[in-house]
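Notes follow once the structure below has been shown.
Reminder, nothing fancy here: chain letters follow the sequence lines and each chain counts from 1.
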Number of protein chains: 2
Amino acid sequence: MNELLDYFKKNIPISLEIENKLKGIIKEKRLIKGETILSDNSVKKEHVFVVSGCLRSFYKTENGKEHTIQFAIKNWWISDYITLYTDNKSVISIESLTHSKVLIIDNSKVEKFYKEFPQFETIQRKNFEKRTAALHKRILSLLALSATEKYNQFIKDYTDFEKIIPNYQIASYLGITPQSLSRIRKERIKT
Amino acid sequence: MNELLDYFKKNIPISLEIENKLKGIIKEKRLIKGETILSDNSVKKEHVFVVSGCLRSFYKTENGKEHTIQFAIKNWWISDYITLYTDNKSVISIESLTHSKVLIIDNSKVEKFYKEFPQFETIQRKNFEKRTAALHKRILSLLALSATEKYNQFIKDYTDFEKIIPNYQIASYLGITPQSLSRIRKERIKT
DNA sequence: TGCAAAAATGAACCTATGGTAATAAATTAA
DNA sequence: TTAATTTATTACCATAGGTTCATTTTTGCA
């Protein structure tokens, strides 16, 4: 809870009034490794803020293949953004890769909050700006880079938590098979 | 100009004051086919609104390969979102695929506008929501779909202007070669 | 209208990455 | 600590899609 307040306080002053209102709409949740919050076919429109630990969102195809959309650690937001922002039914799951603590906020509450305290809408708008740039970069990598190049970039961009994440999930984030990633890792060691 | 006003009026009432302020910050520009607005290495932080015609943004590698990030027609926004929202120097170009008319707004002016008229920040926030969902969908397609599946989806999603866009650019949007796309198109006709 | 340039297709060949399966290593649970 | 389970590696074959280069078709403009 305080982690999120600190997160906001980096941007704007938080009055006691706001603080209390925020506390009223936030659900705190502890997750064990492997636990799933939002899962496939749910229709919950929720924002998830990571206080500690590491989570990921992914899509699972009919034939069981997983495709990782996002990883998130401390102070990151993660959600099923397709369900959150469209009327599509959910195809995304979010699972915890470690013990972790998250804060969950219902989107309808968020909407009201924007109206009441427009300064939060500004924070959110700026977040969107950063994320939009990041998503465009991701698309560019997926379009333009080879498997090896994508992996190198991943290592560079995610140094912080690359070690926490199992390789098969990194592979699924890069759009390659675990076997392929293993091959690449072998080559890297050589040189 | 009026096209953009109409676009906004779908969401909020536009007073004469706002209308005039808007007119003050918008540059109108006509483009001929093949003309480039934002190009590689520019540092302009600009929003582009398409009034008529069709544009695309793309990244060109050192060895001359193009990777299309986005297409845009009437009433769409297009920009180099990486330059716009980070401090990275631009690697993206935006070119016009047809004769077209666009409105260009400097990002610094947009920022001021949000402050002065918060209702525009709300519009923008909602735009971001829709776009975020779309970008996530795009990433999912790139991760999970075969070349053929991506093409089928493209045809479905972009029926409106699929015909305007040359196949080699569609290929570069899907992350495949023109030859590959040609192969796929041949197969489609069969069945 | 006709010709140059651009785009699309086609065919032959190649390679990066996928699929499968078996083994080994590491992690978890009991 | 050991057994069970999950993850990573390896090897070998298969294939989707890339590469190259030639040909046809379309487009644009003089």
Nearest whole Å is fine: how far is [N] [atom2] from [X] [atom1]?
X	N	atom1	atom2	result
B:Glu187	C:dT9	CD	C1'	14 Å
A:Ile184	C:dT17	CD1	P	6 Å
A:Leu181	C:dA16	CG	P	17 Å
B:Leu97	D:dT27	CG	P	15 Å
A:Asn63	C:dT20	CG	C1'	15 Å
B:Arg183	C:dT9	CZ	P	13 Å
B:Lys186	C:dG10	NZ	C1'	6 Å

Ignoring hydrogens and geometry beyond distance, is the side chain of B:Gln179 in donor-acceptor contact with the base of C:dT9 at under 3.5 Å?
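Not at all, since no donor on one side and acceptor on the other fall under 3.5 Å apart.
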Short of 4.0 Å, heavy atom to strand atom, which residues of residues 145-175 of chain A count as contacting DNA chain D?
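Of all residues in residues 145-175 of chain A, the ones placing a heavy atom under 4.0 Å from DNA chain D are A:Pro166, A:Asn167, A:Tyr168.
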A:Thr177 vs C:dG18: side-chain N/O to OP1/OP2 distance below 4.0 Å:
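For C:dG18, OP1/OP2 do have a side-chain N/O of A:Thr177 under 4.0 Å.
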Under 4.0 Å between a side-chain N/O of A:Lys65 and OP1 or OP2 of C:dG19, yes or no?
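Checking A:Lys65 against C:dG19: at least one side-chain N or O falls below 4.0 Å of OP1 or OP2.
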Closest-nucleotide ordering on DNA chain D, the 5'-leading residue of B:Ile176 and B:Lys33:
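Of the two residues, B:Ile176 wins.
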Any idea which heavy atoms bring A:Leu97 and A:Lys33 closest together, and the distance?
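The pair with the smallest heavy-atom distance is O-CG, 3.5 Å.
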Can you give me the closest heavy-atom contact between B:Leu181 and B:Asn167, atom names plus distance?
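Nearest heavy atoms, B:Leu181 then B:Asn167: CD2-O, 3.2 Å.
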Assign B:Ser182 to base, sugar-phosphate, or nothing according to its heavy-atom contacts below 4.0 angstrom with the strands shown.
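Base contact - B:Ser182 has a heavy atom under 4.0 Å of at least one base atom.
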Mind checking whether B:Leu142 and B:Lys150 have side chains closer than 4.5 Å, heavy atoms only?
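Counting from C-beta outward, B:Leu142 and B:Lys150 do come under 4.5 Å.
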With the 4.5 Å side-chain cut-off for hydrophobic clustering, are A:Leu84 and A:Ile105 part of the same group?
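Same cluster.
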Think B:Arg125 forms a cation-pi with B:Phe128, using NZ or CZ under 6.0 Å from the six-ring centre and within 45 degrees of its axis?
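Pair B:Arg125/B:Phe128 does not count as cation-pi.
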Output yes when A:Glu66 and A:Arg56 qualify as a salt bridge under the 4.0 Å nitrogen-oxygen rule, no when they do not.
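Salt bridge: yes.
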The single option from A:Phe71, A:Tyr151, A:Tyr168 passing ring pair (Phe, Tyr, Trp, His ring centres under 6.0 Å) against A:Tyr173
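Only one of A:Phe71, A:Tyr151, A:Tyr168 forms a ring pair (Phe, Tyr, Trp, His ring centres under 6.0 Å) with A:Tyr173, namely A:Phe71.
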